[in-house]
2 protein chains.
Amino acid sequence: MPPSRPLRADARRNREALLAAAREAFLTGDDAGVEEIARRAGVSVGTLYRHFETREVLVAEVYRQEAAELCATPTRLLAQHAPDEALRVFLLLLVEHAAVGRGMGEVLENIMTTDSPVFDDARDEMARALDELLAPGVAAGLIRSDVNGRIVLRALGGICGMRAKGWKDDALHIATLLYDGLRYGAANHG
Amino acid sequence: MPPSRPLRADARRNREALLAAAREAFLTGDDAGVEEIARRAGVSVGTLYRHFETREVLVAEVYRQEAAELCATPTRLLAQHAPDEALRVFLLLLVEHAAVGRGMGEVLENIMTTDSPVFDDARDEMARALDELLAPGVAAGLIRSDVNGRIVLRALGGICGMRAKGWKDDALHIATLLYDGLRYGAANHG
DNA sequence: ACGCAAACGGAGTCCGACTCACCTTACGGA
DNA sequence: TCCGTAAGGTGAGTCGGACTCCGTTTGCGT
């Protein structure tokens, strides 16, 4: 049920501006405070808090859109690759995605490693996308059957949260380890 | 070079008390602030900061001791198990260790996924311990050769940072995936 | 045009890490 | 044994960032 009454025009504009400013801030990882985000959006903190209960909710909202985009790729990958290869490509893609800005990685980590209801939507969506990616691999005996989207999601969380200097190479390396782990117990593995 | 002059008696006592209070607070995960830790140690914040530059340094110091204990186990495990089994047991042990208190997990995550010089000692020590554990497995063809302690450490970081409710089961599951990933490319794998 | 609910502004509160100017005390030397 | 002094301790205060509150402004239905 969408809000009983549509937003007033100025309110909708401000909401958009806030999301845009927040996206800019979070994805480039310049960890701006709420004050700064509001300023860049041309509104006051009060307005920011009218639209988003907490900073975290704003973060979640920004990221929900990114996640939606990411969640659309499994279908595309499955159309172009064998199930196991599609999974491998997706894992690497995720690391790339987290690498765009440090902010992104932190949000991904929060989505993946916490229970926070704020991220429920994004989490469910991504788990579903991963299930979609895993199922054909399992069916084909390329992927072990004792895993599901949620587990893979949680396993990826750690990778995305890495904050060390040479983290991207390490993350790719670890994604490969995880991928191989996912194939290890498969019917046709070897 | 240890401090040019030994600590005065009262200073040493207070330092001990602070470490004890901090250990208590961090390992039980009741995330106490510096004020509270100082209070429990029977000193003021000023004194806390005389001994530890920042809260993080205090955390690091508390954890260095835990890490040292953990780092001693690989040798013991190798004496009792085949190299690959020793590695498996160690990974599970680490999850148990992180489960003791939520605080511990967070510190482990920081050690593993950041570059913070504050944790250099603990990190080096743990990477060395893991190398010690990996080497015989690689030599025996049971573990793939393209990994090292640092990589495994970073991979584990994510697991330890998990804050969700049913995290421990998931963590064990993921540790298994990682373990299998580490065996996947081994000479004798299959 | 008018009224008013919806939305906005921004000074102010809260909270936790951290600082600093001043006070206290251990302890080595006379 | 007592003194000088530097090491050590104290806690009110600063700082920064998330969040709140209420007086003011404004879109929009009538």
Side-chain angles (χ1 to χ4, degrees), chain A residues 2-22 24-26 28-63 102-103 106-107 110 114 116-119, chain B residues 1-22 24-26 29-63 102-103 106-107 110 114 116-119:
Chain A
S4 35
R5 191 85 57 103
L7 283 178
R8 227 166 69 175
D10 55 344
R12 198 174 41 67
R13 262 200 313 280
N14 286 337
R15 185 168 218 279
E16 296 299 301
L18 280 164
L19 282 170
E24 171 71 16
F26 297 153
T28 61
D30 59 357
D31 69 337
V34 288
E35 211 86 35
E36 176 65 11
I37 291 171
R39 202 187 53 72
R40 289 191 205 168
V43 302
S44 73
V45 268
T47 299
L48 188 154
Y49 279 99
R50 166 167 300 274
H51 290 288
F52 308 97
E53 293 175 51
T54 65
R55 184 187 203 279
E56 199 183 26
V57 169
L58 175 56
V59 171
E61 187 57 26
V62 164
Y63 196 71
R102 216 62 289 288
E106 277 161 40
V107 179
N110 273 326
T114 72
S116 173
V118 165
F119 294 118
Chain B
M1 49 176 181
S4 35
R5 190 86 59 100
L7 284 177
R8 227 167 68 177
D10 55 346
R12 197 173 41 67
R13 261 198 315 278
N14 285 338
R15 184 169 219 279
E16 297 299 301
L18 280 164
L19 281 171
E24 171 72 14
F26 297 153
D30 61 357
D31 68 338
V34 289
E35 211 86 34
E36 175 65 11
I37 290 172
R39 201 187 54 72
R40 290 192 205 168
V43 301
S44 72
V45 269
T47 299
L48 188 153
Y49 281 99
R50 171 171 298 278
H51 291 286
F52 308 97
E53 293 174 51
T54 65
R55 184 184 204 281
E56 198 184 28
V57 169
L58 175 56
V59 171
E61 188 57 26
V62 164
Y63 196 72
R102 215 63 288 288
E106 277 161 40
V107 179
N110 272 326
T114 71
S116 173
V118 165
F119 294 118

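Only this structure's heavy atoms are used, side chains among them; waters, hydrogens and symmetry mates stay out. Throughout, a chain's letter reflects where its sequence line sits, starting with A, and its residues are numbered from 1. The model shown is predicted, which means the values in this text are computed figures rather than measured ones.
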Among residues 11-19 of chain B, which ones have heavy-atom contacts with DNA chain D below 4.0 Å?
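Those residues whose heavy atoms fall under 4.0 Å from DNA chain D, taken from residues 11-19 of chain B in numerical order, are B/Ala11, B/Asn14.
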Rounded distance (nearest 0.5 Å) linking atom [atom1] of [X] with atom [atom2] of [Y]:
{"X": "B/Leu48", "Y": "B/Asn14", "atom1": "CG", "atom2": "CG", "value": "10.5 Å"}
{"X": "A/Asp30", "Y": "A/Glu24", "atom1": "CG", "atom2": "CD", "value": "7.0 Å"}
{"X": "B/Glu16", "Y": "B/Leu7", "atom1": "CD", "atom2": "CG", "value": "9.5 Å"}
{"X": "B/Tyr63", "Y": "B/Phe119", "atom1": "OH", "atom2": "CZ", "value": "10.5 Å"}
{"X": "B/His51", "Y": "B/Glu61", "atom1": "NE2", "atom2": "CD", "value": "12.0 Å"}
{"X": "A/Tyr49", "Y": "A/Thr54", "atom1": "OH", "atom2": "OG1", "value": "7.0 Å"}

Just to confirm, is there a sub-4.0 Å distance from OP1 or OP2 of D/dG9 to any side-chain nitrogen or oxygen of B/His51?
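Checking B/His51 against D/dG9: at least one side-chain N or O falls below 4.0 Å of OP1 or OP2.
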Interatomic distance where [atom1] belongs to [X] and [atom2] belongs to [N] [whole Å]:
{"X": "B/Asp10", "N": "D/dA7", "atom1": "CG", "atom2": "P", "value": "13 Å"}
{"X": "B/Arg5", "N": "C/dC27", "atom1": "CZ", "atom2": "C1'", "value": "10 Å"}
{"X": "B/Ile37", "N": "C/dC18", "atom1": "CD1", "atom2": "P", "value": "11 Å"}
{"X": "A/Glu36", "N": "D/dG17", "atom1": "CD", "atom2": "C1'", "value": "12 Å"}
{"X": "B/Leu58", "N": "C/dC18", "atom1": "CG", "atom2": "P", "value": "11 Å"}
{"X": "A/Phe52", "N": "D/dT20", "atom1": "CZ", "atom2": "P", "value": "15 Å"}
{"X": "A/Arg55", "N": "D/dT20", "atom1": "CZ", "atom2": "C1'", "value": "18 Å"}
{"X": "A/Glu56", "N": "D/dG17", "atom1": "CD", "atom2": "C1'", "value": "15 Å"}

Is there a residue in residues 38-50 of chain A whose heavy atoms reach under 4.0 Å of DNA chain C, and which residues are they?
A/Val43, A/Ser44, A/Val45, A/Gly46, A/Thr47, A/Arg50
Minimum heavy-atom distance between A/Glu56 and A/Ser116, given as atom pair plus value:
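Residues A/Glu56 and A/Ser116, closest heavy atoms: OE2-OG, 3.8 Å.
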What is the minimum heavy-atom distance between A/Ala25 and A/Ile37, and which atoms define it?
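Shortest heavy-atom separation between A/Ala25 and A/Ile37 comes out as CB-CG1, 4.2 Å.
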Side chain of B/Ala9 only, heavy atoms from C-beta on: which candidate in D/dA18, C/dC27, C/dC18 is closest?
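Taking heavy atoms from C-beta onward, the closest nucleotide is C/dC27.
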Of the listed nucleotides (D/dC19, C/dA7, C/dC18), which one gets closest to any side-chain atom of A/Leu7?
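That would be C/dA7.
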So for B/Arg8 and D/dA7, does any side-chain atom that can act as donor or acceptor lie under 3.5 Å from a complementary atom in the base?
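Side chain to base: pair found, below 3.5 Å.
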Tell me, please, which residues at least two apart from A/Arg39 pass salt bridge (charged side-chain N to carboxylate O under 4.0 Å, His left out).
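By the salt bridge (charged side-chain N to carboxylate O under 4.0 Å, His left out) rule, A/Arg39 matches A/Glu36.
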